[in-house]
There are 2 protein chains.
Amino acid sequence: MTQRQNRVPYYLQVKHSIIENIKSQSWKPGEKIPSENQLMQQHQVSRSTIRQAISQLAQEGILETKRGKSTTVKKKPTDHVKNPGVIQREKGSEFSVHLIRTVHGKKMDYAKKMLGLTEEQSVYMYERLRLADGIPIAFQQLFVPEHIVDTLTDEDLLVFDFHSHLEEIGVIASYSKDYVSASLANTYEADFLGIVTGDPLVDLTRITLGIDQSPLEYCRTKYLPSYFDFTVETRG
Amino acid sequence: MTQRQNRVPYYLQVKHSIIENIKSQSWKPGEKIPSENQLMQQHQVSRSTIRQAISQLAQEGILETKRGKSTTVKKKPTDHVKNPGVIQREKGSEFSVHLIRTVHGKKMDYAKKMLGLTEEQSVYMYERLRLADGIPIAFQQLFVPEHIVDTLTDEDLLVFDFHSHLEEIGVIASYSKDYVSASLANTYEADFLGIVTGDPLVDLTRITLGIDQSPLEYCRTKYLPSYFDFTVETRG
DNA sequence: ATGCATTTGTTCGTATGTATT
DNA sequence: CAATACATACGAACAAATGCA
């Protein structure tokens with residue numbers, strides 16, 4: 001397995017071997033990996049070398065070590081986001097979406113402006129309710145240009161994460177921008193969310209562009225503050 | 001320096017000692033630190049122990065090592081590199097700060113919890129108003145542990161950006177986290193901000209840690225939504 | 001409850017490799 | 001070329017936490 005002529009340091013070879021085992025699902029998240037002694041014998045290197053590989057993987061958040069217990073493959077570290085340090089999370093365990101209504105037309109000037117559409121082009125607006133464990137946590141208005149709608153099925157409109165769903169059906173997003181603000185619930189929104197008119201909401205606006213810079217979606221979501229986390233970490 | 005009866009591992013004692021030297025500016029960013037051999041003799045421990053301390057600090061981004069060259073204190077990348085795509089902006093042209101009041105004590109349990117302080121430690125709270133062009137745009141409560149306050153002058157409390165001001169006076173932050181939410185103005189806040197009780201506010205909470213993970217500040221700022229921008233761009 | 005085997009954590013010492021000055 | 005600096009690697013010993021018979 002490990003070989004000298006490579007001149008790749010042994011500890012890196014061990015590290016890659018461990019990563020391969022995890023990627024191939026031989027060692028699954030939450031499960032034990034072989035002990036340091038076993039790895040020593042498998043790779044025919046010293047314990048220090050094994051430890052160097054493991055400690056690096058631990059610091060990278062891939063393995064989890066604890067004295068006295070076996071080293072395990074760390075379970076999915078919560079969020080795998082494109083923008084390191086930015087975490088958007090809805091709180092709950094079971095999520096679903098309820099479609100309130102669909103509007104199709106050439107009005108909705110503000111949305112059309114945000115999507116960069118011309119006068120003649122038309123827009124679909126989907127008003128949706130986002131639910132966590134059956135409780136409404138957000139009121140959402142999703143604006144999509146007609147030419148994108150043509151590629152969607154009815155079920156596509158009920159997926160919880162429309163944004164990442166776009167990718168799955170082959171529509172590639174190259175750029176998206178989120179604006180965060182606060183607003184207060186109007187009577188219409190409050191009714192759906194089971195709150196009182198005037199309660200505060202986290203107001204999230206997202207614009208997504210395709211690889212050719214053409215607009216894919218303009219989405220405005222108003223969350224109950226306690227069901228939504230938006231955090232930004234800065235290191236260095 | 002290093003002593004056995006502590007039962008704090010030697011490598012952690014060395015690590016701490018290095019951090020102290022950096023915090024006290026004895027070893028400045030970009031400059032060399034003593035070689036592993038010198039540190040061995042200073043601390044009277046083996047080279048492996050020194051290396052364990054240094055390699056961890058290197059992985060934490062505090063030191064920079066390179067074969068053949070001296071280990072240096074890593075220079076902090078300038079602000080804009082920190083988190084590409086995340087923009088926080090207050091709107092206006094002329095900014096200032098008004099100090100409403102100062103509270104000092106051992107109550108304020110929530111703030112102490114966020115700062116990771118013990119029962120006996122005390123906290124200073126500064127209630128400030130952030131103004132843009134003379135108009136109040138945010139109500140801010142800034143909690144600082146006593147040992148940080150000791151290093152501050154009265155003028156330090158009136159600077160507009162306390163966060164980046166910390167760096168200027170030599171207190172080095174390694175990590176900060178911002179939470180964004182929404183809340184509604186209570187009567188007290190509304191009064192200062194010139195709005196009506198119940199108006200929505202963007203609720204920004206920031207926690208800043210030093211390089212030794214000790215808490216530097218816990219800050220809660222409530223902005224008038226129209227005077228604050230928080231945007232996140234994602235590419236790829 | 002006790003004790004023993006297992007597992008990771010800390011520390012030492014030594015030797016050799018490789019890049020920089 | 002030599003001296004210095006960090007990097008890799010081995011082996012050994014003991015400590016501390018855990019789990020099991």
Side-chain angles (χ1 to χ4, degrees), chain A residues 1-19 21-22 27-75, chain B residues 1-19 21-22 27-75:
Chain A
M1 183 78 75
T2 47
Q3 39 193 357
R4 183 139 219 134
Q5 60 267 36
N6 266 7
R7 232 27 343 245
V8 174
Y10 288 164
Y11 79 93
L12 284 182
Q13 295 183 39
V14 173
K15 212 174 144 178
H16 285 132
S17 155
I18 293 174
I19 289 174
N21 275 298
I22 295 173
W27 302 344
K28 298 188 182 58
E31 290 180 7
K32 298 179 190 176
I33 74 168
S35 74
E36 293 175 359
N37 267 317
Q38 290 172 312
L39 290 171
M40 275 172 72
Q41 284 162 29
Q42 285 172 26
H43 292 90
Q44 288 296 303
V45 295
S46 74
R47 181 162 171 236
S48 336
T49 303
I50 299 291
R51 278 187 68 73
Q52 190 170 0
I54 288 178
S55 73
Q56 286 198 8
L57 288 168
Q59 256 168 314
E60 290 166 23
I62 294 170
L63 296 180
E64 204 157 24
T65 68
K66 191 171 164 57
R67 189 201 300 249
K69 303 188 71 168
S70 294
T71 297
T72 58
V73 179
K74 192 159 182 180
K75 275 188 279 196
Chain B
M1 183 75 79
T2 46
Q3 39 193 359
R4 181 139 221 136
Q5 58 268 40
N6 265 8
R7 237 23 347 240
V8 174
Y10 288 163
Y11 80 93
L12 284 181
Q13 294 183 40
V14 172
K15 208 175 148 181
H16 190 251
S17 154
I18 293 174
I19 288 174
N21 275 297
I22 296 174
W27 301 343
K28 299 188 181 61
E31 291 180 5
K32 297 179 192 175
I33 73 168
S35 75
E36 295 176 358
N37 268 316
Q38 289 172 310
L39 289 171
M40 275 173 73
Q41 284 164 29
Q42 284 172 28
H43 292 90
Q44 288 295 303
V45 296
S46 74
R47 178 147 178 252
S48 338
T49 303
I50 299 291
R51 278 188 67 72
Q52 191 169 359
I54 289 179
S55 72
Q56 286 196 10
L57 288 168
Q59 255 167 315
E60 289 167 23
I62 293 167
L63 295 179
E64 203 158 23
T65 67
K66 192 169 164 58
R67 185 195 301 244
K69 303 188 73 166
S70 294
T71 298
T72 58
V73 179
K74 192 161 182 179
K75 275 187 279 196

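Just so it is clear, the values below take in all heavy atoms, side chains as well, and ignore hydrogens, waters and symmetry mates. Each chain gets a letter, A, B and so on, in the order the sequences are listed, and its residues count up from 1.
- At least one donor-acceptor pair closer than 3.5 Å links the side chain of A:H16 to the backbone N or O of A:L12.
- Considering only side-chain N and O atoms, B:K66 lies nowhere under 4.0 angstrom from the phosphate OP1 or OP2 of D:dA5.
- Annotation for A:I50 and A:H43: closest pair CD1-ND1, 4.4 Å, computed over non-hydrogen atoms.
- At a threshold of 4.0 angstrom between heavy atoms, the contacts of A:S35 are confined to the sugar-phosphate backbone, with no base atom among them.
- Candidate nucleotides D:dA9, C:dT11, C:dG9 were compared by shortest atom distance to the side chain of A:T65, and C:dG9 ranks first.
- Scanning atom types as modelled, one donor and one acceptor separated by under 3.5 angstrom connect the side chain of B:R47 and the base of D:dA7.
- For B:Y11, a side-chain nitrogen or oxygen approaches OP1 or OP2 of C:dT10 to under 4.0 Å.
- Contact between the side-chain N/O atoms of A:R51 and the OP1/OP2 oxygens of C:dG9 is found at a separation under 4.0 Å.
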Subject >> Pair A:L63-A:V73, side-chain contact (heavy atoms from CB on, under 4.5 Å): steps then yes or no >> reply: CA-CA 5 Å; A:L63 296 180; A:V73 179; 4.3 Å; yes

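- Residue whose closest nucleotide on DNA chain C sits further toward the 5' end, between B:I50 and A:G68: A:G68.
- At D:dT8, one or more side-chain N or O atoms of A:Q52 fall inside 4.0 Å of OP1 or OP2 (strictly under the cut-off).
- The side chain of B:T71 places an N or O atom within less than 4.0 Å of a non-bridging phosphate oxygen (OP1 or OP2) of D:dC6.
- Between C:dT8 and A:S70, no contact under 4.0 Å exists linking OP1 or OP2 to a side-chain N or O.
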**OP:** Could you walk me through whether A:Q59 and B:Q56 pass the side-chain contact (heavy atoms from CB on, under 4.5 Å) test, one step at a time?
**Re:** CA-CA 9 Å; A:Q59 256 168 314; B:Q56 286 196 10; 4.0 Å; yes

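- Each of C:dT10, D:dT18, D:dA7 was ranked by its minimum atom distance to the side chain of B:P9; first place goes to C:dT10.
- Distances from the side chain of B:R67 to the nucleotides C:dT20, D:dA7, C:dG13 place D:dA7 closest.
- Across all strands shown, B:S48 has heavy atoms under 4.0 Å from base atoms, whether or not it also approaches the sugar-phosphate.
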